[in-house]
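Residue numbers begin at 1 in each chain, while the letters A, B, ... track the order of the sequences.
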Protein chains: 2
Amino acid sequence: MLSQKTRYAIRAMQHLADFHGKGPVQLADIAEAQKIPPKFLTVILSELTRSGLVASQRGKDGGYWLGVPPIDISYGDLIRIMRGSLALVPCASRYAHERCRNCVEEENCRTRALMLQVRDKTANLLDSINLSDSVEADAFLQAAE
Amino acid sequence: MLSQKTRYAIRAMQHLADFHGKGPVQLADIAEAQKIPPKFLTVILSELTRSGLVASQRGKDGGYWLGVPPIDISYGDLIRIMRGSLALVPCASRYAHERCRNCVEEENCRTRALMLQVRDKTANLLDSINLSDSVEADAFLQAAE
DNA sequence: CTTAATCTCAACTAATTTAATAGACAATAA
DNA sequence: TTATTGTCTATTAAATTAGTTGAGATTAAG
């Protein structure tokens with residue numbers, strides 16, 4: 001499951017995508033529109049800003065905007081940034097591979113191959129949709145291979 | 001990510017599958033072979049027994065065995081039983097659907113359709129492999145549609 | 001050059017979930 | 001009757017997640 005924080009991050013990014021090219025959006029506006037606790041949102045937006053996906057400016061008339069065009073930000077990217085990996089188990093992660101704790105030797109693992117397949121299918125989908133897509137009902141059914 | 005408990009459950013079930021048809025396997029044996037804390041394993045095996053996937057007998061020469069042929073137990077089943085759902089968000093679960101907390105209205109949700117796709121692809125894979133499959137390197141590449 | 005508006009950041013607290021253990025009890029075979 | 005093995009509820013411990021506090025740092029405008 002995605003954490004609450006990751007879900008907030010996704011909604012915040014969608015909001016920024018909606019206002020892309022229209023100047024800075026303030027934290028308070030995002031928080032209200034997306035029902036996110038404002039103080040918690042500062043943590044999330046700071047993280048996203050550090051990652052480069054979001055740009056920001058302080059002071060009067062400051063705010064946040066996408067640091068990268070929405071078409072270049074996939075849902076896969078967002079989840080990777082917020083939770084580190086798309087995989088179901090650490091040893092099946094491509095970008096953040098790690099041994100699973102208390103597990104048998106990786107070579108003897110009987111599910112790793114399967115978990116890698118799941119990860120790849122998941123990545124395939126999540127990386128095919130980006131913040132400029134509408135992601136309505138079945139808008140991307142064709143993207144689903 | 002799958003919880004440690006779910007991963008232990010999967011390994012325990014693989015172990016039981018290995019000894020399917022060969023009489024009861026004792027908890028202590030599973031614990032040792034699969035490096036699972038024995039007391040914790042009692043909790044896990046009791047849960048699996050209650051679900052019907054595992055059968056058990058108490059007393060001398062007692063133990064556990066599969067209550068269902070290994071070919072009829074998919075990895076999807078195991079994960080559903082242990083964590084309730086295959087989905088990334090509660091609202092994208094098929095069997096355990098639930099509204100996401102602190103979210104916008106489900107109809108206005110911009111990611112639900114995507115999350116449903118991810119869930120379905122995941123289910124597709126996880127339900128196609130069962131405890132009688134070897135799940136080695138690429139043993140199931142053809143299963144991957 | 002002061003003020004109000006905004007973001008930044010580290011530290012902290014609270015809540016929840018996950019992992020693991022304890023210990024009394026029930027069933028079974030010998 | 002005893003040793004063995006699973007069952008169950010409660011409890012504790014550890015880790016993670018969610019959310020808050022409060023003291024800065026920047027910026028635009030007057």
**Rounded distance (Å) that lies between atom P of dT18(C) and atom CG of L2(B)** = 12 Å
**Message:** Checking Y64(B) now: which residues fulfil ring-ring contact (aromatic ring centres under 6.0 Å, His included) with it, not counting sequence neighbours?
**Reply:** none
**Asked** Which is true for K39(A) with a 4.0 Å heavy-atom rule: it touches a base, it touches only sugar-phosphate, or it touches nothing?
**Response** base
**Request:** Please determine which of R94(B), K121(B), R119(B), R80(B) meets the salt bridge (Lys or Arg N to Asp or Glu O under 4.0 Å) test together with D127(B).
**Result:** R80(B)
**Request:** Using atom OH of Y8(A) as one end and atom C1' of dT20(D) as the other, report the distance to the nearest whole Å.
**Result:** 13 Å
**Request:** Measure from the side-chain heavy atoms of V43(B) and tell me the nearest of dA19(C), dG19(D), dT21(C).
**Result:** dT21(C)
**Asked** Between E47(B) and K5(B), is there a salt bridge with N-O shorter than 4.0 Å?
**Response** yes
**Prompt:** Where the side chain of F40(A) is concerned, which of dG19(D), dG6(D), dA20(C) is the nearest nucleotide?
**Reply:** dG19(D)
**Distance, rounded to the nearest Å, where L41(A) contributes CG and dC9(C) contributes P** = 15 Å
**Request:** Give a yes/no on whether any side-chain N or O of Q4(B) is located under 4.0 angstrom from OP1 or OP2 of dT18(C).
**Result:** no
**Message:** Measuring from the side chain of R58(B) (C-beta onward, heavy atoms only), which nucleotide among dA25(D), dT7(D), dC9(C) has the closest atom?
**Reply:** dT7(D)
**Message:** Starting the side chain at C-beta, find the nucleotide from dT7(D), dA18(D), dT18(C) nearest to S3(B).
**Reply:** dT18(C)
**Complete:** Of D61(A) and P37(A), the one whose nearest nucleotide on DNA chain D sits closer to the 5' end is P37(A)
**Heavy-atom neighbours of E106(A) CD exceed 12 at 6.0 Å** = yes
**Asked** In whole angstrom, what separates L27(A)'s CG from dA25(D)'s C1'?
**Response** 16 Å
**Asked** Taking atom types as modelled, is there a side-chain donor on S46(A) or T49(A) under 3.5 Å from an acceptor on the other?
**Response** no
**Prompt:** In whole angstrom, what separates I44(A)'s CD1 from dT20(D)'s C1'?
**Reply:** 13 Å
**Message:** In whole Å, I'd like the distance from the CD atom of Q26(B) to the P atom of dT28(C).
**Reply:** 15 Å
**Request:** For R101(A) and dA14(D), give me the distance from atom CZ to atom C1', rounded to whole Å.
**Result:** 11 Å
**Prompt:** Of K60(A) and T42(A), whose nearest nucleotide on DNA chain C comes first from the 5' end?
**Reply:** K60(A)
**Asked** Cut-off 3.5 Å, side chains only: do D133(B) and Y75(B) have a donor facing an acceptor?
**Response** no
**Item:** Nucleic acid contacts - residues 45-54 of chain A versus DNA chain D, non-hydrogen atoms under 4.0 Å
**Value:** none
**Asked** When rounded to the nearest 0.5 angstrom, what distance separates CZ in R83(A) from OG in S3(A)?
**Response** 8.5 Å
**Item:** Of the listed nucleotides dT21(C), dT16(D), dA28(D), the one nearest the side chain of Q57(A)
**Value:** dA28(D)
**Asked** N102(B) has an atom CG; how far is it from atom C1' of dA15(C), in whole Å?
**Response** 14 Å
